[in-house]
Amino acid sequence: LLLIFGLLFTTFGNVRDGLLVFTGVPFALTGGVFFLWARGIPFSISAAVGFIAVSGVAVLNGLVMISAIRKRLEDGMATSAAVIEGAMERVRPVLMTALVASLGFIPMAFGTGTGAEVQRPLATVVIGGLITATVLTLLVLPALCGLVLKRSDQAKPEPEPEPLPQA
């Protein structure tokens with residue numbers, strides 16, 4: 001987890017955006033734990049590998065969302081408009097990433113053949129984690145981003161007006 005946060009910090013160059021993207025990891029882990037519990041599957045090494053994989057996808061989706069929002073802010077858009085437009089633009093890529101990964105793991109989650117006892121925990125964690133991480137990325141992350149950015153905008157001092165040229 002520290003390595004993931006370190007990479008996010010180097011990507012964005014600030015702690016604020018790194019923490020915003022990193023919020024997807026706890027939600028992904030929570031979904032994975034819940035689905036393991038709901039299916040009655042004990043924690044195992046393959047489940048731990050699933051937690052690593054789902055953390056990566058959650059961070060990737062958050063990175064896609066925050067990058068779109070930051071691009072609009074750099075273009076001079078107002079904070080609320082940048083958050084709304086950035087989030088709306090990235091709905092399809094985030095959903096497609098999560099759906100492809102989740103649907104690909106369904107056969108593993110319900111398999112009964114040879115090796116299913118190893119595959120089932122990994123697939124369960126990935127599917128459950130992606131469901132909660134996707135909901136976070138599409139609904140909670142833009143709202144949280146809007147709150148954090150508005151708060152940082154309010155903390156910035158007003159720029160001083162330039163003096164008028166003397167005639």
Mind checking whether [X] and [Y] have side chains closer than 4.5 Å, heavy atoms only?
X: Val125; Y: Phe35; answer: no
X: Phe12; Y: Val21; answer: yes
X: Ile106; Y: Ile127; answer: yes
X: Ser46; Y: Arg120; answer: no
X: Leu130; Y: Val126; answer: yes
X: Arg16; Y: Leu149; answer: yes
X: Leu19; Y: Phe5; answer: yes
X: Phe51; Y: Leu36; answer: yes

Could you list the residues that satisfy side-chain hydrogen bond (donor to acceptor under 3.5 Å, both in side chains) with Glu117, not counting sequence neighbours? none
Are [X] and [Y] connected in the hydrophobic side-chain network, where two residues link if heavy atoms are under 4.5 Å apart?
X: Val15; Y: Leu20; result: yes
X: Leu8; Y: Leu144; result: yes
X: Leu103; Y: Ile131; result: yes
X: Ile52; Y: Val25; result: no
X: Met65; Y: Val91; result: yes

Do other residues, nucleotides or ligands put more than 12 heavy atoms under 6.0 Å from the CZ atom of Phe27? no
Heavy-atom count around Leu1 CG within 6.0 Å, excluding the residue itself: above 12? no
Write down the atom of [X], the atom of [Y], and the distance for their closest heavy-atom approach.
X: Asn14; Y: Asp17; value: OD1-N, 2.8 Å
X: Glu89; Y: Pro93; value: O-CD, 3.8 Å
X: Met108; Y: Ala123; value: CB-CB, 3.6 Å
X: Leu29; Y: Ser55; value: CD2-OG, 3.6 Å
X: Pro121; Y: Ala116; value: CD-O, 4.3 Å

Donor-acceptor under 3.5 Å (Ser102 side chain, Leu99 main chain): no
Given 3.5 Å as the limit, does a donor-acceptor pair link the side chain of Ser67 with the main chain of Val64, or not? no
